[in-house]
Amino acid sequence: MIIERLAWLVDERGVDPRHLLAMTFTNRAAGEMRTRLSERLGMRQVGAWLGTFHSFGLYVLRRESERLGRSRQFTVVDDGDQLSLMKRLVKDLPGKCAPVSPREALRWISVRKQDLKTPEEETAASRQDETCRLLWKQYHEALAKSNGVDFDDLLVLTAQLFHEHDEVRARYGNRFGYVHVDEYQDTNRAQYVIARELVRDHANLFVVGDEDQSIYAWRGATIRNILDFEADFPGARIYRLEENYRSTRTILNVANAVVAHNSQRLGKTLRTSREDTRPVRLYEAEDADEEARFVAEDIAAGGLSPRDTAVLFRTHGQSRLIEEALRHKGLAYVVIGGVSFFGRKEVKDLLAYLRLVVNPDDDQAVRRVLNVPNRGIGEHTLETIDAYAAERDCRLFSVLRDIEHDQTLPLRARDGAGRFVHIVDSLAEKAKSSPLATLVNLLLDDIGYRDYVKRSDERDFRTGLEIVEEFVSACVRFDEKKRGTLQTFLEELALASDADQLDPNAPAVKLLTCHSAKGLEFDNVYLIGLEEGFLPHASAFESESELEEERRLCYVAMTRARNRLTLSLARSRIVFGSRYGREPSRFLGEVPAALLEHLRPAGSGPKRGEAKPSAAPAADPARLTMGTQVRHAQFGPGVVMYTKGTGAKMRARIRFHTGRTREFMVSVAPLEILERKKP
DNA sequence: GAGCGAAACGAGGAT
DNA sequence: CGTTTCGCTC
């Protein structure tokens with residue numbers, strides 16, 4: 001839709017493409033937009049600014065960095081560094097503070113930042129909130145000192161900049177006379193403010209969104225932006241698009257039936273002219289292995305092209321069994337997201353070195369690789385260095401620089417620090433003239449990283465080495481294609497999203513979460529794990545609004561299918577090492593039975609009677625208390641150490657006679673209460 | 001300070 | 001079940 005509008009503006013209205021701005025959710029979507037626009041306009045599209053909100057923020061912040069009191073060399077911290085920074089802050093918290101987990105604190109802060117709150121104005125409702133508020137200030141301070149920004153800052157600082165410097169806002173507003181936003185239902189307040197400030201002088205704002213596809217409220221997105229659009233921008237014209245060109249009628253009917261159960265919606269019913277009499281299929285598997293086997297066999301037997309097939313799931317963990325089953329069938333597949341390349345230690349280490357080259361103030365990077373590979377600088381020495389830095393109010397790297405003559409430190413630590421500083425310095429010197437790949441190879445040799453990887457992971461060092469080599473080839477590709485700077489390279493990686501990796505034409509089955517499937521479409525879609533606990537996810541059970549978001553997620557997943565949609569669920573699966581029974585998703589009950597074709601496991605009849613652990617009756621939670629003797633179908637006899645929670649959600653930790661302990665969900669675990677002591 | 005094995009703890013989604 | 005942290009020994 002935005003493409004049509006952009007092309008129309010250039011073609012019919014003669015607008016200079018340099019005045020066009022379109023902000024998308026992922027780089028992949030922006031890239032697709034670029035391709036389609038050049039199909040329409042050829043070279044005339046050059047100059048239009050197409051990208052994500054985050055990359056737009058970065059673009060503005062780089063150009064205006066002096067106004068932010070940050071040097072141009074600031075780096076975007078990754079979530080791992082964010083977490084380790086927060087861990088340190090939590091550990092150093094004064095004793096009187098209420099305990100919070102680093103993850104909780106980061107999330108608490110992120111939600112508020114995206115809402116453009118500040119720690120000063122935040123009113124603390126509880127002692128935990130008070131702690132989080134303190135952590136927020138400290139976190140903010142630490143980031144500023146190490147010349148770093150986090151993801152949220154890319155939006156928040158941009159919004160603040162526009163808000164506080166009217167001439168800056170006017171300059172960008174003037175440059176971009178036509179502003180477009182895709183996936184408007186998933187924008188947060190910071191993104192809303194950026195768009196609003198940009199169009200304040202000309203009101204040329206064009207947004208596309210679907211309230212039923214709002215699936216990122218948990219990340220700070222607010223549906224308010226779409227519901228209040230007319231009030232926010234008086235005189236706005238609304239175009240309702242209820243014709244769907246993607247999915248067949250049966251698929252739409254099923255998806256519509258589910259989302260119609262939401263109360264918080266304006267309501268619409270999608271129409272299509274794509275008739276198809278084939279119903280949506282539902283496969284009810286005995287267990288998760290069988291579900292995976294069904295998917296793989298169905299893909300193999302169905303004659304459906306793997307390249308047009310996607311398997312969607314609620315959580316990354318569900319992909320493993322599917323991968324196994326596909327491999328077993330000899331089917332090619334690609335997994336989008338999950339524990340990816342960038343999550344690997346090797347990649348993080350190398351990136352930390354490269355970030356230091358750009359920004360030596362990056363303390364998180366120093367902490368990560370100062371002793372990688374081992375240089376004799378352990379915890380104790382690091383603490384000393386840390387103390388120096390705090391005392392002189394400077395960064396770790398500058399302490400390392402003049403630590404050589406400090407007699408209070410062990411010789412090997414001084415020596416190691418000296419080598420570390422030298423490596424980074426000489427890399428920085430080389431970075432001025434050498435291509436990225438040369439630089440990285442130099443780094444690998446300087447620190448003996450390949451040997452280090454071999455040593456630290458002897459069992460299958462090849463995987464670690466493979467990651468290193470893959471990283472090097474990524475650098476070579478970057479050199480060949482972009483010829484950009486090291487800083488550009490780091491930025492691209494920082495802003496890359498899982499969905500960007502997807503090559504829709506790869507001759508392989510695509511495995512991805514419902515969330516990362518947003519904005520994509522496939523001929524054949526398998527939506528697996530339609531069970532209570534997955535879809536809706538267990539963490540949404542308590543909240544009506546979260547349940548509705550789960551329902552929208554289900555709707556999004558189903559409507560990714562063009563021609564064929566297959567649903568599946570498992571009646572039991574292994575979680576945390578023990579087998580649990582599973583219930584079909586409540587969303588399935590919301591679909592009229594006539595729309596679904598039930599598939600039964602082939603030859604499941606006789607096997608049904610087979611005893612399986614999940615068939616054991618669950619123990620009555622009320623009778624389980626501390627000291628109760630129980631028997632677990634898998635682990636044998638044991639005694640209840642303690643219980644927590646009540647009713648269906650009660651959990652009990654049990655110490656088995658082997659001495660091991662383990663926690664179970666009482667309502668589903670195959671536990672038997674031993675009334676009498678055994679003779 | 002490093003290296004090893006044992007225990008503890010933890011999985012929701014992601015730009 | 002898989003990964004991180006702990007705690008002990010050298």
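Sequence lines set the chain letters: A, B, ... in the order given, protein chains first and strands last, and positions in each chain run from 1.
- Rounded to whole Å, atom P of dG12(B) lies 16 Å from atom CG of Asp498(A).
- Ring-centre distance between Tyr555(A) and Phe587(A): not below the 6.0 Å cut-off.
- The Arg412(A) side chain lies nearest to dG1(B) when the options are dA14(B), dG1(B), dT15(B).
- The side chain of Phe151(A) lies closest to dT15(B) when the candidates are dG12(B), dT15(B), dA2(B).
- Two residues, Ala413(A) and Ala496(A), neighbour DNA chain B, and the one matched to the more 5' nucleotide by heavy-atom proximity is Ala413(A).
- Here Ser497(A) reaches the OP1 or OP2 of dT15(B): one of its side-chain N or O atoms lies under 4.0 Å away.
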Yes or no on side chain to side chain contact (heavy atoms under 4.5 Å, CB included) for Phe489(A) and Leu493(A), after CA distance, side-chain angles and deciding distance?
CA-CA 6 Å; Phe489(A) 176 73; Leu493(A) 292 190; 3.7 Å; yes
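- dC6(C) atom C1' lies 14 Å from atom NZ of Lys87(A), rounded to whole Å.
- Closest to the side chain of Glu546(A), out of dT5(C), dG12(B), dG1(B), is dG12(B).
- A straight line from CZ of Arg368(A) to C1' of dT4(C) spans 14 Å, rounded to a whole angstrom.
- dG3(B) atom P lies 15 Å from atom CD of Glu379(A), rounded to whole Å.
- Thr381(A) comes within 4.0 angstrom of the backbone, heavy atoms only, and of no base.
- Which of dT15(B), dG1(B), dG13(B) sits closest to the side chain of Thr513(A) comes down to dG13(B).
- Taking the side chain of Ser539(A) as heavy atoms from C-beta on, and the options dG1(B), dG12(B), dA14(B), the nearest nucleotide is dG12(B).
- For the pair Asn371(A) CG and dA2(B) P, the interatomic distance rounds to 5 Å; values are reported in whole Å.
- In this structure, Tyr555(A) places its OH atom 24 Å from P of dG13(B), rounding to the nearest Å.
- Within the structure, every side-chain polar atom (N or O) of His515(A) is placed at least 4.0 Å from both OP1 and OP2 of dT15(B).
- Nucleotides dG13(B) and dT4(C) are separated by 23 Å at their C1' atoms, to the nearest Å.
- Applying the 5.5 angstrom centroid cut-off and the 30 degree plane-angle cut-off, the aromatic ring of Trp218(A) is not stacked upon the base of dG12(B).
- Interface remark: the Glu550(A) side chain does form a donor-acceptor pair with the dG12(B) base, using a distance-only criterion of under 3.5 Å.
- A cation-pi arrangement is found for Arg219(A) relative to Tyr216(A), the charged atom lying closer than 6.0 Å to the ring centre and inside a 45° cone about the ring normal.
- With distances taken from any side-chain atom of His380(A) to the nucleotides dA14(B), dG1(B), dG12(B), the minimum falls on dG1(B).
- For Arg552(A) against dG13(B), no side-chain N or O and base N or O form a donor-acceptor pair under 3.5 Å.
- Here the nucleotide nearest the side chain of Thr52(A), chosen from dA11(B), dG1(B), dT15(B), is dT15(B).
- Spacing between atom OH of Tyr216(A) and atom C1' of dT15(B) amounts to 8 Å, rounded to whole angstrom units.
- If you check dG12(B), dG1(B), dT15(B) against the side chain of Phe25(A), the one that comes closest is dT15(B).
- Residue Asn374(A) has its side chain nearest to dA2(B) when only dA14(B), dG13(B), dA2(B) are considered.
- Phe162(A) does not carry Arg196(A) over the face of its six-membered ring by the limits of under 6.0 Å from the centre and within 45° of the normal.
- Contact between Ser319(A) and Phe313(A) at its shortest, heavy atoms only, is CB-CZ, 3.4 Å.
- Checked for salt-bridge contact, Arg367(A) and Asp81(A) miss the test: no charged N lies under 4.0 Å from a carboxylate O.
- Per the geometry, CZ belonging to Arg103(A) stands 11 Å off C1' belonging to dT4(C), to the nearest Å.
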